[in-house]
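The structure appears right after this line, and notes come after that.
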Amino acid sequence: MLNIKSHLSQLLVEALNVVAPDALGTSIELTRPKQESHGDFSCNIAMQLAKPLQRKPREVAKDIVDALPHSPWVEKTEIAGAGFINFFLSSASKQRVVNAILQTGEAYGHAASNGKRMQVEFVSANPTGPLHVGHGRGAAFGASLANVLAAVGYQVAREYYVNDAGRQMDILALSTWLRYLEFNGINVPFPPNAYQGDYVRDMAKIIQDHHGDRYIHEPWRVLDGAPSVEEDADGHLDQLIANAKRLLSEDYAYIHNLALTEQLGDCRNDLTEFGVVFDRWFSEKSLFDSALVERALALLEQNGHLYVQDGATWFRSTQYGDEKDRVVKRENGQFTYFASDIAYHLNKFERGFDELINVWGADHHGYIARVKGALQAMGLDPDKLTIALVQFAVLYRGGEKVSMSTRSGEFVTLRELRSEVGNDAARFFYVLRKSDQHLDFDLDLAKSQSSDNPVYYIQYAHARCCSVLAKWGGAPAMLASVADLAKLAIPYELTLLKRLNDYPETVEMAARELAPHLIAYYLKELAADFHSYYNGEQFLVEDESTRLARLALVLATRQTLKNGLALLGVSAPEKM
RNA sequence: GCGCCCGUAGCUCAGCUGGAUAGAGUACUUGGCUACGAACCAAGGGGUCAGGGGUUCGAAUCCCUUCGGGCGCACCA
């Protein structure tokens with residue numbers, strides 16, 4: 001398929017070759033003018049060359065236009081403003097897109113494989129409780145981004161990093177056990193910094209149902225040696241964890257594992273229902289089991305990037321622009337989260353991906369320097385890793401900010417949101433704005449206004465297309481061969497054709513900028529063009545050739561809407 | 001205090017590597033169903049692009065600065 005933009009670009013190169021051979025290195029920019037009167041494409045090359053050539057921009061423009069080879073796709077060119085060269089395309093060049101879409105179908109807008117493997121790691125929330133609406137944004141963004149990257153030709157691996165090895169999991173296991181004791185009338189005060197959510201009680205209930213009083217221990221043993229909560233809340237918790245491990249012995253692993261399995265399973269189901277699926281769930285614990293953490297640190301050690309101070313082992317991240325050096329192994333001998341993350345990234349590189357993307361909450365931005373520093377210190381190329389930051393969604397209920405903390409159990413879950421506004425609206429709403437922009441999520445508004453959500457505007461356009469084609473009753477597959485596209489010449493149609501032409505480039509840009517919201521905005525505009533057309537013209541007209549041409553355009557519009565919605569994980573219903 | 005992100009219509013937000021008269025949605029005011037689905041369309045009012053300076057043919061966009069918000073600055077994850 002001939003790409004109009006690159007075609008124009010080629011014409012300009014040939015013209016430049018005549019007018020200013022020395023300036024061939026100048027990049028040629030072709031943009032879509034905002035104003036229709038400025039043509040279909042506009043080029044500012046003459047203004048860029050004016051200075052080096054020491055000539056007036058409009059004169060340069062005139063020479064370039066005179067030197068442009070003739071093209072059947074270009075109807076006319078003109079020089080405008082300060083020296084813009086505007087291209088007006090022939091109708092025929094715009095009409096061709098319909099056939100292109102009908103021939104490629106679901107692949108329209110998708111590029112062929114570029115042979116590169118890319119990994120997108122996202123969500124990666126601690127499996128210590130249900131996903132909340134903040135995670136939902138990372139999930140929707142990451143999933144859409146992965147789809148967009150796959151559409152432009154990458155072989156994309158979607159991965160979830162499971163923090164199953166840290167202190168947080170121990171706290172969850174402890175919390176579960178304490179609730180279990182509570183069920184059995186054992187009175188141990190539940191620490192305020194343990195997990196408060198009801199799901200912890202649910203897990204305690206499961207243990208109770210399956211194992212009765214097997215895990216009961218006396219309160220004084222549970223609390224043995226623990227400082228008071230007021231005195232040292234974290235110390236209190238850590239001592240209780242230590243006591244749990246000692247008292248329960250191997251049974252501790254059972255509770256720990258049950259909590260992990262339950263929460264991870266819940267998380268996976270939740271995401272699957274949300275249309276977010278992963279190729280791999282990567283266990284942090286496996287990094288320790290395979291001694292990769294030790295190996296990664298040994299690598300840093302041998303390159304001289306580690307040192308011991310105050311009993312802890314530090315990574316000299318300040319050498320790579322970090323604010324301060326970071327501990328990788330604590331005084332108590334335990335590795336930090338950072339240590340396993342270094343190992344994890346080493347593992348990613350060893351798997352041979354060409355590019356890596358980590359989707360992180362924006363509160364982790366201070367973490368970027370040290371991770372990239374560690375990569376560099378291990379002799380790996382930090383530029384292969386891109387961090388896409390997603391601002392957390394801030395919830396508002398009744399005009400007031402809802403504070404969210406998994407620990408306190410006060411949060412709105414993703415599941416809750418999905419059931420309130422639906423998967424489609426939630427997916428769309430999440431990616432409707434730039435990812436690095438704060439998202440003010442007014443719950444009342446999201447719930448009450450669900451029918452005002454722009455996603456319905458787009459889905460409605462799709463349903464209308466389906467409805468028209470159904471009313472016509474013919475076989476859509478034949479339209480590609482029988483429609484005379486030259487009949488598509490009124491402004492509504494030319495506008496729509498132009499929009500359809502823009503789709504592949506929009507996908508490319510969304511991939512390049514890691515910005516799936518561009519797809520959402522494109523779809524809104526495509527739907528708007530279609531709705532205007534629908535209201536302004538009758539499709540099922542008497543004249544057969546006009547009718548078939550219009551139906552072909554409707555079919556092409558439907559296909560493009562569907563393709564775009566698919567990238568966002570939003571359904572394209574035939575009826576609403 | 002230091003670092004990163006942000007400030008665009010009453011509200012929520014777009015604005016691509018600098019381009020021509022800054023755009024949507026919502027809200028408000030009008031008009032359009034005996035036509036393929038009115039969950040739609042058409043028209044209108046609404047702006048010192050936070051303030052100031054700079055770079056240049058040209059700045060919402062790039063640089064500096066002030067003000068105002070958010071986030072981060074652990075031997076937590």
Which nucleotide in the set [options] lies at the smallest distance from any side-chain heavy atom of [X]?
X        : options                : value
A:Met47  : B:rC57, B:rC36, B:rA39 : B:rC57
A:Ala82  : B:rC40, B:rG19, B:rU12 : B:rG19
A:Asn126 : B:rG19, B:rA77, B:rA39 : B:rA77
A:Leu518 : B:rG15, B:rC36, B:rG37 : B:rG15
A:Ala80  : B:rA77, B:rC75, B:rA20 : B:rA20
A:Arg326 : B:rA74, B:rC16, B:rC41 : B:rA74
A:Met576 : B:rA77, B:rA42, B:rA39 : B:rA39
A:Tyr456 : B:rC36, B:rA39, B:rU17 : B:rA39

Does the side chain of A:His236 come under 3.5 Å of the side chain of A:Asn193 through a donor N or O and an acceptor N or O?
no
Can you check nucleotides 21-24 of chain B for protein contacts, nitrogen or oxygen pairs under 3.5 Å, and list what you find?
residue	atom	partner	partner atom	Å
B:rU21	N3	A:Gln35	OE1	3.4

A side-chain contact here means heavy atoms from C-beta on lying under 4.5 Å apart; do A:Thr546 and A:Arg550 qualify?
yes
I'd like to know if A:Arg58 pairs up with A:Asp63 as an ion pair, taking the criterion as any Lys NZ or Arg NE/NH1/NH2 lying under 4.0 Å from an Asp or Glu carboxylate oxygen.
no
Lys/Arg-Asp/Glu bridge criterion (N-O < 4.0 Å) met for A:Lys487, A:Glu493
no
Classified by glycosidic angle (syn within 90° of 0, else anti), B:rC33 comes out syn
Looking at [N], which nucleotide sits across from it as a Watson-Crick or G-U wobble partner, both distances under 3.5 angstrom, or is there none?
N      : result
B:rC71 : B:rG3
B:rG37 : none
B:rA59 : none
B:rU12 : B:rA24
B:rG18 : none

On a plain distance test, is the side chain of [X] in donor-acceptor contact with the base of [N] below 3.5 Å?
X        : N      : answer
A:Ser42  : B:rA20 : yes
A:Asp363 : B:rG72 : no
A:His364 : B:rA77 : yes

Check the phosphate of [N] against [X], side-chain N and O only, distance under 4.0 Å to OP1 or OP2. Yes or no?
X        : N      : value
A:Arg464 : B:rG37 : no
A:Tyr533 : B:rA42 : no
A:Lys324 : B:rC75 : yes
A:Tyr337 : B:rA77 : no
A:Ser532 : B:rA42 : yes
A:Arg512 : B:rU17 : no

Provide the full list of side-chain hydrogen bond (donor to acceptor under 3.5 Å, both in side chains) pairs with a residue in residues 514-532 of chain A, sequence neighbours left out, each pair given once.
A:Arg464-A:His531, A:Arg499-A:Glu525, A:Arg499-A:Asp529
Just the rounded figure in Å: distance from [atom2] of [N] to [atom1] of [X].
X        : N      : atom1 : atom2 : result
A:Glu78  : B:rA20 : CD    : P     : 15 Å
A:Glu574 : B:rA39 : CD    : C1'   : 18 Å
A:Tyr161 : B:rA77 : OH    : P     : 10 Å
A:Gln334 : B:rA77 : CD    : C1'   : 13 Å
A:Phe530 : B:rC41 : CZ    : C1'   : 13 Å
A:Gln538 : B:rG37 : CD    : P     : 10 Å
A:Arg433 : B:rG15 : CZ    : P     : 12 Å
A:Lys5   : B:rU17 : NZ    : P     : 12 Å

Touch class at under 4.0 angstrom, heavy-atom based, for [X] against every strand present:
X        : result
A:Asp310 : base
A:Ala463 : base
A:Glu537 : base
A:Tyr534 : base

5'-most by nearest nucleotide on RNA chain B - A:Phe539 or A:Asn332:
A:Phe539
Residue whose nearest RNA chain B nucleotide is more 5′ - A:Thr336 or A:Asn86
A:Asn86
[N] and [M]: how far apart are their [atom1] atoms, nearest whole angstrom?
N      : M      : atom1 : result
B:rG52 : B:rA9  : C1'   : 23 Å
B:rC73 : B:rC57 : C1'   : 45 Å
B:rA38 : B:rG45 : C1'   : 24 Å

Taking the six-membered ring for Trp, are A:Tyr161 and A:Tyr344 closer than 6.0 Å centroid to centroid?
yes
Donor-acceptor list for residues 39-46 of chain A side chains, cut-off 3.5 Å, not counting sequence neighbours:
residue	atom	partner	partner atom	Å
A:Asp40	OD1	A:Lys94	NZ	3.1
A:Asp40	OD2	A:Leu89	N	2.7
A:Asp40	OD2	A:Lys94	NZ	3.3
A:Ser42	OG	A:Asn86	OD1	2.9

Every protein N/O lying under 3.5 Å from an N/O of nucleotides 1-10 of chain B:
residue	atom	partner	partner atom	Å
B:rG3	N2	A:His365	NE2	2.8

Given 3.5 Å as the limit, does a donor-acceptor pair link the side chain of A:Trp314 with the main chain of A:Gln309, or not?
yes
Do we get A:Arg433 above A:Tyr430's six-membered ring, with its NZ or CZ under 6.0 Å from the centre and within 45° of the axis?
no
Determine whether the aromatic ring of A:Phe84 stacks with the base of B:rA20, defined as ring centroids separated by less than 5.5 Å and ring planes inclined by less than 30°.
yes
Within 6.0 angstrom of A:Gln54 CD, more than 12 heavy atoms from elsewhere:
no
For A:Glu537, I'd like to know if atom CD has over 12 heavy atoms of other residues, nucleotides or ligands within 6.0 Å.
yes
Hits for side chain to side chain contact (heavy atoms under 4.5 Å, CB included) against A:Glu542, two or more places apart or cross-chain, chain-then-number order -> none
Residue set satisfying salt bridge (charged side-chain N to carboxylate O under 4.0 Å, His left out) with A:Lys245, at least two apart, ordered chain then number -> A:Asp170
Please work out whether the ring planes of A:Trp360 and A:His364 are parallel, tilted or perpendicular, with thresholds of 30° and 60°.
tilted
